[in-house]
Enquirer: 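Just dropping this structure here.
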Amino acid sequence: AQTVTQSQPEMSVQEAETVTLSCTYDTSENNYYLFWYKQPPSRQMILVIRQEAYKQQNATENRFSVNFQKAAKSFSLKISDSQLGDTAMYFCAFMARYGGATNKLIFGTGTLLAVQP
Amino acid sequence: EPEVTQTPSHQVTQMGQEVILRCVPISNHLYFYWYRQILGQKVEFLVSFYNNEISEKSEIFDDQFSVERPDGSNFTLKIRSTKLEDSAMYFCASSGQGTRDTQYFGPGTRLTVL
């Protein structure tokens with residue numbers, strides 16, 4: 001069974017600074033995806049970034065980038081130039097790619113990020 | 001930009017009552033999902049749906065739960081006889097043919113069972 005671990009329940013960062021959120025996962029699968037979702041106080045789940053396991057290049061989306069270490073099963077999220085609107089719960093999620101039609105997401109417990117003015 | 005919508009945003013019900021949570025996935029998407037999040041806990045998979053049938057379900061998704069796509073646009077989750085422990089945020093998600101592995105979530109329905 002796959003598991004996702006986020007060891008930082010809460011983090012704080014000053015506006016305009018950089019913060020890194022950690023995520024590790026456990027799987028015996030070779031074909032999978034990793035995601036970071038953001039959940040602001042409105043509780044909507046918003047996709048931040050995704051990474052295909054077969055790609056060695058780390059994914060980036062504007063101020064968000066990941067450090068994907070496949071051998072270490074580590075998938076951290078770096079937020080550069082933090083903004084007040086980045087304040088949210090951040091969930092790391094894993095998806096194994098099987099042959100079936102649908103593949104479920106397995107979520108970590110989340111990291112609550114507070115951006116301080 | 002197309003998005004997943006869910007209604008109602010908040011539902012309060014008495015224990016033992018039936019509830020139906022509604023979702024309108026992104027219009028050209030083919031794969032549909034329900035997840036739930038008990039307050040303060042992580043998001044958990046309930047069920048996935050494709051081609052008018054359940055593709056996968058978790059152990060949480062017992063006989064009290066059912067899903068349906070009654071028409072070309074709606075996707076519903078029914079809980080037949082609600083329990084106190086069903087109180088949670090329920091999220092619908094969908095994914096498309098070309099981006100099957102990326103799920104887009106709706107804003108959620110907060111279900112409170114009294």
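Naming convention: chains lettered A, B, ... in sequence-line order (proteins, then strands); numbering from 1 in each chain.
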Enquirer: Does the side chain of Phe105(B) come within less than 4.5 Å of Gln39(A)'s, by heavy atoms?
Expert: no
Enquirer: Would a 4.5 Å heavy-atom cut-off, applied to side chains only, mark Tyr104(B) and Leu47(A) as touching?
Expert: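 Sidechains of Leu47(A) and Tyr104(B): in contact.
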Enquirer: Side chain from CB out, backbone as N, CA, C, O: work out which of these in Met45(A) comes under 4.5 Å of a heavy atom of chain B, or both, or neither.
Expert: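 When you check distances to chain B, atoms from both the backbone and side chain of Met45(A) fall under 4.5 Å.
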Enquirer: Heavy-atom cut-off 4.5 Å, strictly under: side chain, backbone, both or neither for Arg50(A) against chain B?
Expert: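 The side chain, not the backbone.
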Enquirer: So, for Leu105(A) and Gln103(B), which heavy atoms are closest and what is the spacing to 0.1 Å?
Expert: CD1-OE1, 3.5 Å
Enquirer: When hydrophobic residues are tied together by side-chain contacts of less than 4.5 Å, even through go-betweens, does Leu21(A) share a cluster with Ile49(A)?
Expert: yes
Enquirer: Side chain, backbone, both or neither: which part of Glu52(A) has a non-hydrogen atom closer than 4.5 Å to chain B?
Expert: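 Neither part.
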Enquirer: To the nearest 0.5 Å, tell me how far Thr102(A) OG1 sits from Asn51(B) CG.
Expert: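 The OG1 atom of Thr102(A) sits 11.5 Å away from the CG atom of Asn51(B).
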Enquirer: Can you say whether Ser58(B) sits under 4.5 Å from chain A via the side chain, the backbone, both, or neither, judging by heavy atoms?
Expert: neither
Enquirer: Is Leu84(B) reachable from Leu21(B) through a run of I, L, V, M, F, W or Y residues, each pair having side-chain heavy atoms under 4.5 Å apart?
Expert: yes
Enquirer: Are Ile54(B) and Tyr90(B) co-members of a hydrophobic cluster defined by side-chain heavy atoms under 4.5 Å apart?
Expert: yes
Enquirer: Minimum heavy-atom separation for Met95(A) and Asp101(B), please, with both atom names.
Expert: CE-O, 3.3 Å
Enquirer: Among the clusters formed by ILVMFWY side chains lying less than 4.5 Å apart, do Phe45(B) and Val67(B) turn up in the same one?
Expert: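 No.
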Enquirer: Give the cluster check for Tyr33(B) versus Leu111(B): same hydrophobic cluster or not, with ILVMFWY residues linked at side-chain heavy-atom distances below 4.5 Å.
Expert: no
Enquirer: Does any part of the side chain of Lys42(B), heavy atoms only, come nearer than 4.5 Å to the side chain of Gln6(A), both counted from C-beta?
Expert: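 No; the side chains remain at least 4.5 Å from each other.
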Enquirer: So what's closer than 4.5 Å to chain A heavy atoms on Gln6(B): side chain, backbone, both or neither?
Expert: neither
Enquirer: Are any of the side-chain heavy atoms of Phe35(A) and Thr102(B) separated by less than 4.5 Å?
Expert: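 Counting from C-beta outward, Phe35(A) and Thr102(B) do come under 4.5 Å.
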Enquirer: Just give me the residue among Gln41(B), Arg110(B), Gln37(B) that pairs up with chain A most often, heavy atom to heavy atom, under 4.5 Å.
Expert: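 Max contact count across the listed options: Gln37(B).
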Enquirer: Would you say Glu85(B) has more than 12 foreign heavy atoms packed within less than 6.0 Å of its CD?
Expert: yes
Enquirer: Using every non-hydrogen atom in the two residues, find where Glu56(B) and Lys104(A) come nearest and quote the distance to one decimal.
Expert: OE2-NZ, 3.4 Å
Enquirer: Count the heavy atoms belonging to other residues, nucleotides or ligands that lie under 6.0 Å from NZ of Lys70(A), then report whether that count exceeds 12.
Expert: yes
Enquirer: Checking heavy atoms, do the side chain of Tyr35(B), its backbone, both or neither come under 4.5 Å from chain A?
Expert: side chain
